[in-house]
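Below is one structure, written out as structure tokens, with a few remarks after it.
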Amino acid sequence: MTEQDKQFMMRAIELAQAGMDNNAGGPFGCVIARDGKIIGEGNNGVTSTNDPTAHAEIVAIRAACRTLNSFQLDRCSVYTSCEPCPMCLGAIYWARPAHVFYACTREDAAAVGFDDDFIYNELAKPNAEREVAMVNLMRDKALEVFSSWAIKPDKIKY
């Protein structure tokens with residue numbers, strides 16, 4: 001861990017505080033850096049935007065991808081004020097950064113009312129046993145679209 005890593009993490013923590021102070025959402029902030037420069041940042045905006053996906057990491061990923069004009073964050077580092085929730089972790093994996101640095105743990109978040117363990121536990125259950133009903137419907141028709149994708153010559157893989 002370098003001094004620059006600490007500076008980027010401090011910025012993520014500052015964004016968490018600012019977002020909370022401005023009633024944007026919960027106490028979470030995120031910075032994405034590449035080659036020593038911040039290319040995207042954000043704080044939680046769930047309650048101010050009425051968007052359950054407006055977590056700090058998602059906001060920062062969107063900003064960084066716009067900056068890079070890419071859907072991938074190769075050679076980037078993510079600095080987040082708290083260990084990512086399952087949604088953000090999924091987005092991070094899809095974006096493929098090189099590193100993720102986090103400050104608070106998910107246990108720290110649970111201690112102040114943000115308990116993501118429920119979702120982690122749900123993911124481990126079979127679909128039929130989850131709290132939100134998961135019903136397979138019209139798979140045969142949707143598979144036709146997947147078949148078209150499989151043979152599409154000009155697709156952009158990700």
Side-chain angles (χ1 to χ4, degrees), residues 1-106 108-109 114-120 122-123 132 134 137-139 141-158:
M1 196 166 330
T2 68
E3 281 305 311
Q4 190 169 59
D5 291 327
K6 291 178 184 177
Q7 290 172 357
F8 291 146
M9 182 60 77
M10 192 64 222
R11 176 65 182 150
I13 294 167
E14 290 168 354
L15 287 165
Q17 183 70 50
M20 185 185 66
D21 290 347
N22 294 326
N23 290 320
F28 304 97
C30 183
V31 164
I32 299 175
R34 183 177 186 186
D35 300 328
K37 296 179 187 152
I38 293 175
I39 60 165
E41 61 181 29
N43 53 26
N44 184 289
V46 170
T47 58
S48 62
T49 62
N50 294 318
D51 180 354
T53 69
H55 289 202
E57 296 91 339
I58 302 296
V59 172
I61 288 169
R62 290 174 180 161
C65 286
R66 278 192 304 273
T67 298
L68 295 176
N69 195 32
S70 174
F71 54 85
Q72 304 269 270
L73 296 176
D74 54 296
R75 299 186 357 252
C76 293
S77 293
V78 175
Y79 300 85
T80 182
S81 65
C82 187
E83 185 176 355
C85 74
M87 176 184 69
C88 293
L89 190 59
I92 288 166
Y93 270 88
W94 279 114
R96 295 176 173 84
H99 302 96
V100 175
F101 297 91
Y102 63 94
C104 292
T105 66
R106 64 193 213 201
D108 297 330
F114 296 94
D115 191 359
D116 299 331
D117 276 342
F118 168 75
I119 300 170
Y120 282 105
E122 284 289 293
L123 292 173
V132 175
M134 302 286 294
L137 179 65
M138 297 183 67
R139 179 174 177 243
K141 292 304 278 181
L143 281 173
E144 292 174 14
V145 179
F146 275 11
S147 294
S148 295
W149 173 259
I151 61 172
K152 182 176 170 51
D154 60 344
K155 65 185 165 206
I156 299 171
K157 294 183 179 185
Y158 61 97

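The analysis underlying the following values was restricted to heavy atoms, covering all of them including side chains, and did not include hydrogens, waters or symmetry mates.
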Indicate the ring-plane relationship of Tyr158 and Trp94, choosing parallel, tilted or perpendicular according to the 30° and 60° boundaries. tilted

Between the side chain of Ser81 and the main-chain N/O of Gly29, is any donor-acceptor distance below 3.5 Å? yes

Evaluate Trp149 against Lys155 for side chain to side chain contact (heavy atoms under 4.5 Å, CB included), listing each step before the verdict. CA-CA 7 Å; Trp149 173 259; Lys155 65 185 165 206; 3.3 Å; yes

When you measure from the side chain of Asp108 to the backbone N and O of Thr105, does any donor-acceptor pair fall under 3.5 Å? yes

Compare every heavy atom of Gly42 with every heavy atom of Val59, then report the nearest pair and how far apart it is. CG1-CA, 3.8 Å

So do Arg34 and Asp74 actually touch side chain to side chain, heavy atoms under 4.5 Å? yes

Looking at every heavy atom in both Ala33 and Tyr79, which two are closest together, and how far apart are they? CB-CE1, 4.1 Å

Atom pair CD1/CD1 of Ile32 and Ile92 - distance to nearest 0.5 Å: 7.5 Å

Is it the case that the side chain of Asn44 and the backbone of Val46 share a donor-acceptor pair, with hydrogens and angles ignored and the cut-off at 3.5 Å? yes

For the atom pair CD1 (Ile39) and CG (Leu68), what is the distance rounded to the nearest 0.5 Å? 4.0 Å

Reported CG-to-CD1 distance for the pair Asp154 and Ile156, which is rounded to 0.5 angstrom: 8.0 Å

Which atom pair, heavy atoms only, marks the closest approach of Ile58 to Ala91? CD1-CB, 3.3 Å

Does atom CZ of Phe114 have more than 12 heavy-atom neighbours from other groups under 6.0 Å away? yes

Check the pair Leu89 / Arg106 against side chain to side chain contact (heavy atoms under 4.5 Å, CB included), numbers first and verdict last. CA-CA 12 Å; Leu89 190 59; Arg106 64 193 213 201; over 6 Å; no

Quick check: closest heavy atoms across Pro97 and Val100, and the distance to 0.1 Å? CG-CG2, 4.5 Å

Nearest 0.5 Å please: distance from the SG atom of Cys30 over to the CD1 atom of Ile13. 12.0 Å

At their closest point, which heavy atom of Glu57 faces which heavy atom of Cys82, and how far apart are they? OE2-O, 3.6 Å

Does OH belonging to Tyr120 count more than 12 external heavy atoms closer than 6.0 Å? yes

Minimal non-hydrogen separation, Pro27 against Met20, with atom names: CB-SD, 3.9 Å

How about NZ on Lys37, more than 12 heavy atoms from neighbouring residues, nucleotides or ligands closer than 6.0 Å, or not? no

Closer than 3.5 angstrom, by distance alone: can the side chain of Lys6 be matched with the main-chain N or O of Met1 as a donor-acceptor pair? no

For Asn69, does the CG atom sit with more than 12 other heavy atoms under 6.0 Å from it, leaving out its own atoms? no

Got a second to check how far Tyr102's OH is from Glu83's CD, nearest 0.5 Å? 4.5 Å

In Å and rounded to the nearest 0.5 Å, what is the OG to CG distance from Ser77 to Asp5? 6.5 Å

Which is it for Phe8 and Ile38 under the side chain to side chain contact (heavy atoms under 4.5 Å, CB included) test, yes or no, and what are the steps along the way? CA-CA 8 Å; Phe8 291 146; Ile38 293 175; 3.6 Å; yes

